[in-house]
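Residue indices begin at 1 and follow the sequence shown.
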Amino acid sequence: MNRKLRMGMIGGGKDAFIGAIHRIAANMDGLIELVAGALSINNEVAVESGKMLFLDPERTYLDFKTMLQKEAAMPADKRLDFVTIVTPNFAHFEPAMMALDLGFNVVIEKPITFSLEEAKQLQAKVEATGLTLLLTHTYTGYPMVKQARQMVKDGALGKIRKVWVEYPQGWLSKLSEREGNAQAAWRTDPKKSGKAGAMGDIGTHAANLAEYISGAKIEKLCADLNIMVPGRALDDDGAVLLRFDNGAAGVLMASQVAAGEENALKIRLYGEKGGLEWAQQEPNTLLVKWLDKPTEIYRAGGGYTFQSSYMTHNTRTPGGHPEGYLEAFGNLYRNFAQTLSAKIDGVQPSPESLDFPSVADGVRGMAFIDNVVRSAQSDTKWTNFDI
């Protein structure tokens with residue numbers, strides 16, 4: 001490749017939190033250039049957002065259909081390489097399907113769609129077109145998460161027996177959706193967010209992380225969902241017992257009414273020989289606990305002998321320089337960009353570049369939501385993880 005990949009964005013205009021995060025992540029390695037956008041359903045905001053991002057006015061669109069149709073007709077030296085979709089959940093499926101139909105690769109926010117059925121259709125479309133889809137489960141991009149996954153895969157802990165993953169936040173401890181908080185309003189609206197609240201928003205992250213590091217798949221679950229704030233339409237708190245296909249047992253907690261908590265995602269895994277502990281708010285550190293010797297503290301960077309190639313591929317700075325949420329997000333975009341560039345050049349991407357969440361992860365995320373809600377509503381509780 002002798003050029004940057006050309007990116008178009010749907011949603012994510014002025015004052016949109018996640019759109020700005022995606023643009024920072026995409027810009028981080030100089031491999032991608034934002035050249036087009038349908039940045040808002042509000043025409044004035046769309047135009048103003050395009051100006052703020054210095055987009056060509058001819059490539060600042062008022063709706064995603066016009067953008068995709070016109071961009072598909074562009075000559076090869078101007079045509080988009082991929083489209084990033086950062087709209088609310090209910091508005092993921094249609095632009096993603098249209099983009100794939102027109103030959104564009106796709107980056108999409110999680111959860112991948114509004115329903116499991118949509119996710120399955122999207123997976124079939126990706127497989128039929130042979131195009132590439134990145135689902136931004138951000139936490140899989142951290143170097144020490146990569147290290148933890150590789151250690152489990154290499155058998156350093158022996159057979160995995162137990163997985164604990166928790167994701168407490170406190171930002172919905174009040175009825176913020178009725179106090180002018182736009183993020184709270186759509187995330188707690190079943191018509192825009194889907195059938196789950198906290199479990200759909202952050203529980204899917206926790207489940208994805210548990211499967212990613214353990215290398216195992218959830219096959220049964222037993223869920224309890226709660227609405228703690230009176231007047232809220234979707235769950236804001238819950239816990240799930242898990243059974244994995246390798247025989248391990250697990251516990252998953254997700255709450256957005258844990259007052260005082262910020263973004264305290266944490267995971268612990270235990271095998272026959274020892275355990276691992278990683279916390280998102282201290283991301284450069286991985287605790288390695290042994291049955292027969294003291295706990296070890298692994299740190300990102302520094303050139304230590306324990307480092308896997310997947311960790312070093314996703315490490316950006318020397319030891320002691322914290323790498324956080326933006327860098328992890330950037331790692332997903334870089335791996336995706338390296339994969340697309342390799343495909344354009346007709347060469348095989350490296351295993352490290354191919355290590356990013358895909359449409360298959362999105363389908364499992366939607367199945368997690370469906371099965372958790374079904375279990376919570378059932379008298380029998382234990383539910384097979386059906387897809």
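A heavy-atom distance below 4.5 Å is found between the side chains of Asp386 and Arg374. No side-chain heavy atom of Met144 sits under 4.5 Å from any side-chain heavy atom of Pro283. Looking only at side-chain heavy atoms (C-beta outward), Leu175 and Glu177 come within less than 4.5 Å of each other. Looking at Leu34 and Leu55, their side chains come closer than 4.5 Å, going by heavy atoms from C-beta outward. Contact of the Ile112 side chain with the Gln123 side chain is not registered, since no non-hydrogen atoms from C-beta on lie closer than 4.5 Å. Inter-residue side-chain proximity for Met311 and Thr315 is flagged as met; some heavy-atom pair is nearer than 4.5 Å. Annotation: side chain of Glu166 is not in contact with side chain of Leu252 (no heavy-atom distance under 4.5 Å). Side chains of Glu352 and Asn335 form no contact here, defined as non-hydrogen atoms less than 4.5 Å apart.
Gln147 contributes a side-chain N or O that, together with a main-chain N or O of Phe306, makes up a donor-acceptor pair within less than 3.5 Å. When atom types are taken as modelled, the side chain of His22 and the backbone of Val86 share no donor-acceptor pair closer than 3.5 angstrom. Checking side-chain atoms of Trp278 against main-chain N and O of Lys266 turns up no donor-acceptor pair under 3.5 Å. With hydrogens and angles ignored, the 3.5 Å screen pairs a side-chain donor or acceptor of Glu327 with a backbone N or O of Gly324. Within the 3.5 Å criterion, the main-chain N or O of Gly197 finds no donor-acceptor partner in the side chain of Ser193. At least one donor-acceptor pair closer than 3.5 Å links the side chain of Asp361 to the backbone N or O of Ser358. The main-chain N or O of Lys191 is found under 3.5 Å from a side-chain atom of Asp189 such that the two form a donor-acceptor pair. Distance alone, capped at 3.5 Å, is enough to place a donor-acceptor pair between the Thr129 side chain and the Lys125 backbone. With hydrogens and angles ignored, the 3.5 Å screen pairs a side-chain donor or acceptor of Asn331 with a backbone N or O of Gly141. Asp236 places a side-chain N or O within donor-acceptor distance of the main-chain N or O of Met228, the cut-off being under 3.5 Å.
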Please assess Phe356 against Thr132 for the test side chain to side chain contact (heavy atoms under 4.5 Å, CB included), listing each intermediate value before the final yes or no.
-> CA-CA 11 Å; Phe356 56 82; Thr132 302; 3.8 Å; yes
Any chance you could lay out the side chain to side chain donor-acceptor pair (under 3.5 Å) test for Thr317 and Glu323, step after step, and finish with the verdict?
-> CA-CA 7 Å; Thr317 59; Glu323 297 189 37; 3.0 Å; yes
After noting the C-alpha distance and the side-chain angles of Gln280 and Tyr325, does the key distance pass the side chain to side chain donor-acceptor pair (under 3.5 Å) rule?
-> CA-CA 8 Å; Gln280 198 272 153; Tyr325 179 74; over 6 Å; no
Decide side chain to side chain contact (heavy atoms under 4.5 Å, CB included) for Met67 and Val83; before the verdict, give the C-alpha distance in whole Å, the side-chain angles of both, and the deciding distance to 0.1 Å.
-> CA-CA 10 Å; Met67 182 183 102; Val83 174; 4.3 Å; yes
Between Leu332 and Thr140, is a side chain to side chain contact (heavy atoms under 4.5 Å, CB included) present by the stated rule, with each step listed?
-> CA-CA 8 Å; Leu332 299 188; Thr140 63; 3.8 Å; yes
Kindly determine whether Gln256 and Val229 satisfy side chain to side chain contact (heavy atoms under 4.5 Å, CB included), including the steps that lead there.
-> CA-CA 10 Å; Gln256 292 177 314; Val229 177; over 6 Å; no
Please report the C-alpha distance between Gln150 and Ser308 in whole Å, then the side-chain angles of each, then the deciding distance to 0.1 Å, and finally whether the side chain to side chain donor-acceptor pair (under 3.5 Å) criterion is met.
-> CA-CA 7 Å; Gln150 195 61 41; Ser308 73; 5.2 Å; no
Evaluate the side chain to side chain donor-acceptor pair (under 3.5 Å) criterion for residues Asp201 and Tyr167: first the C-alpha distance (whole Å), next the side-chain angles of each, then the deciding distance (0.1 Å), finally the verdict.
-> CA-CA 10 Å; Asp201 190 17; Tyr167 201 154; over 6 Å; no
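Atom CG of Leu234 sits about 6.5 Å away from atom OG1 of Thr188, to the nearest 0.5 Å. In this structure, Asn89 CG and Ser115 OG are separated by 11.0 Å, a value rounded to the nearest 0.5 Å. For the atom pair Leu172 CG and Asp235 CG, the distance stands at 10.5 Å (nearest 0.5 Å). The CG atom of Leu269 sits 4.5 Å away from the CD1 atom of Ile267 when rounded to the nearest 0.5 Å. Rounding to the nearest 0.5 angstrom, the gap separating the CG atom in Leu221 from the CZ atom in Phe244 is 10.0 Å.
A salt bridge between Glu296 and Lys289 is absent, with no side-chain N of the basic residue lying under 4.0 Å from a carboxylate O of the acidic one. Look at Arg3 and Asp81 and you find a salt bridge, because one of the NZ, NE, NH1 or NH2 atoms lies within 4.0 Å of a carboxylate O, short of that distance. Classification of Lys65 and Glu94 as a salt-bridged pair holds, one side-chain N sitting under 4.0 Å from a carboxylate O. Between Arg6 and Glu33, none of the side-chain N atoms (NZ, or NE/NH1/NH2) sits under 4.0 Å from a carboxylate O, so this pair counts as no salt bridge. Asp29 and Lys4 are not joined by a salt bridge, as no carboxylate oxygen comes within less than 4.0 angstrom of a charged side-chain nitrogen.
Remark: Arg149 is positioned above the aromatic ring of Tyr212, its terminal NZ or CZ atom under 6.0 angstrom from the ring centre and at most 45 degrees off the axis. Within the cation-pi definition used here (under 6.0 Å to the ring centroid, within 45° of the axis), Arg79 qualifies as a partner of Phe104.
Nearest heavy-atom pair across Pro168 and Ala264 is CD-O, 3.1 Å. Between Leu80 and Gly8, the shortest heavy-atom distance links the atoms CD2-N, 3.6 Å.
Counted by atom type alone, Thr136 and Glu109 present one or more donor-acceptor pairs between their side chains at under 3.5 Å. A side-chain N or O of Ser350 and one of Ser353 form a donor-acceptor pair less than 3.5 Å apart. Tyr139 and Asn263 are linked by a side-chain donor-acceptor pair at a separation below 3.5 angstrom, with hydrogens and angles left out of the test. There is a side-chain donor-acceptor pair under 3.5 Å between Asp237 and Ser255.
Note: Phe336 and Tyr333 have perpendicular aromatic rings, judged against thresholds of 30 and 60 degrees for the angle between ring planes.
The cluster map of Ile, Leu, Val, Met, Phe, Trp and Tyr, joined by side-chain heavy atoms under 4.5 Å apart, puts Ile369 and Ile387 in the same cluster. Cluster annotation: Ile344 and Leu31 are assigned to the same hydrophobic cluster (Ile/Leu/Val/Met/Phe/Trp/Tyr, side-chain heavy-atom contacts under 4.5 Å, transitive). Met253 and Val373 are not part of a single hydrophobic cluster, where members link through side-chain heavy atoms under 4.5 Å apart. Criterion: ILVMFWY side-chain heavy atoms under 4.5 Å apart, direct or through other members. Under it, Trp186 and Ile21 are not part of a common hydrophobic cluster. Under the 4.5 Å side-chain heavy-atom criterion for grouping Ile, Leu, Val, Met, Phe, Trp and Tyr, Phe64 is not connected to Phe114 through any hydrophobic cluster.
Checked against side-chain hydrogen bond (donor to acceptor under 3.5 Å, both in side chains), Lys14 has the following partners two or more places apart in sequence or in another chain: Glu48. Residues that satisfy the side-chain hydrogen bond (donor to acceptor under 3.5 Å, both in side chains) test with Gln183, not counting sequence neighbours, are Arg187.
Grouped by direct or indirect side-chain proximity (heavy atoms under 4.5 Å, Ile/Leu/Val/Met/Phe/Trp/Tyr only), Leu241 sits with Trp164, Val251, Tyr270, Trp382.
Checked options Asn371, Val372, Val240; the residue passing with Thr383 is Asn371 (criterion: side-chain contact (heavy atoms from CB on, under 4.5 Å)).
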